[in-house]
Amino acid sequence: KHSWPVHHHAHPVVSIIVPVAPLHQRYLVDALDSCLAQTVVNWEAIVIDDSRDASMPEVIQSHPFARVYHSLGKGTGRARNIGIMHAHGQFVLFLDADDILEPSALEDMLRAYVERDGGYIYSDCKIPGDPKKFDLPGETIEAVDYDQETFIRSGYTDNMPGCHSVTILVARADLDQTEGFDETLAYWEDWKLPLELAVLGIRGVRVPKPLLVYRFNTGVRRHASKAQEGAIKEALRQQFEPYTTGEKQMCGCTGGNGG
């Protein structure tokens, strides 16, 4: 009859998957704190340590609700896939360790999923003016409204970058129709997944609010990917360009839930 009045998180609706590279371990506390601040409490946090020595910072000791797994330096794609394998939620949300969620993020995304009859959910984001002070004014980056024909051309076509961040809410049933994150790609595997969802007819739904605080200047992989940009674009082009020419057909956008 006596217990602390805290939420147990034993039956999560959303599994929040957070891969952590060694250089981003110091930011993890902010990402996990933003989970605790959510207005929807039916979530679980899954942290995947991508350091080669399977070491995790002391922040995990102060956030014991997070379940920790290890990808041993095999890359972010592998780390996220490990998180998916261990997820219990009906939905999965991907969050980078150096970013944070606004308190209403899960609530707004789940509401959009219900009101728009499925699909995967993404949002605008905010780049803080000071990466250490999130309450100061920052720049809001508006995502692109979803259009299947536009999205399937994005990411590998000149002047058509990826249309939103990796932080999406996707039903596990829809995610399981894809191959997950491509572990053979050193970079841009985070955009290949939405391309696969487009092919399956699992449309995106934009929430026109900055639900993600994105530390733009702490991204290491974004800068490193420039050296391999040509090769990555060509790999994506070979797989997805046939859908733009009519050689292959995409499924019609039916709102997700398995196409």
Is it the case that the side chain of [X] and the backbone of [Y] share a donor-acceptor pair, with hydrogens and angles ignored and the cut-off at 3.5 Å?
X    : Y    : answer
E196 : E179 : yes
R153 : F240 : no
T150 : Y146 : no
D124 : A143 : yes
T244 : E241 : yes
Q148 : C251 : yes
Q38  : S34  : yes
D50  : G75  : yes
Y156 : I152 : yes
S15  : G89  : yes

From [X] [atom1] over to [Y] [atom2], what is the distance, rounded to the nearest 0.5 angstrom?
X    : Y    : atom1 : atom2 : answer
I17  : L93  : CD1   : CG    : 8.5 Å
H24  : R26  : NE2   : CZ    : 8.0 Å
I100 : L32  : CD1   : CG    : 11.5 Å
D96  : S165 : CG    : OG    : 8.0 Å
L195 : C163 : CG    : SG    : 9.0 Å
I46  : I16  : CD1   : CD1   : 9.5 Å

Is any side-chain heavy atom of [X] less than 4.5 Å from a side-chain heavy atom of [Y]?
X    : Y    : value
I121 : I168 : no
F65  : W43  : yes
V14  : V92  : no
C125 : T140 : no
L95  : L212 : yes
L101 : L211 : no
F94  : L169 : no
Q25  : D49  : yes

Using side chain to side chain donor-acceptor pair (under 3.5 Å), reason through R111 and Y113 one step at a time and then give a plain yes or no. CA-CA 5 Å; R111 180 178 290 111; Y113 181 88; over 6 Å; no
Walk me through it: do F151 and W191 pass the test ring pair (Phe, Tyr, Trp, His ring centres under 6.0 Å)? CA-CA 10 Å; F151 269 49; W191 182 244; 5.8 Å; yes
Check ion pair [X]-[Y] (N to O, under 4.0 angstrom):
X    : Y    : result
K209 : D108 : yes
E189 : K192 : no
R78  : D182 : no
K74  : E183 : no

Criterion salt bridge (Lys or Arg N to Asp or Glu O under 4.0 Å) against R215, the qualifying member of D99, D30, D98: D30
Take I84 and F181 through the side-chain contact (heavy atoms from CB on, under 4.5 Å) test and state the conclusion after the steps. CA-CA 10 Å; I84 293 169; F181 291 92; 4.1 Å; yes
Examine R206 relative to Y122 and say whether NZ or CZ is less than 6.0 Å from the centre of the six-membered ring and inside a 45° cone about the ring axis. no
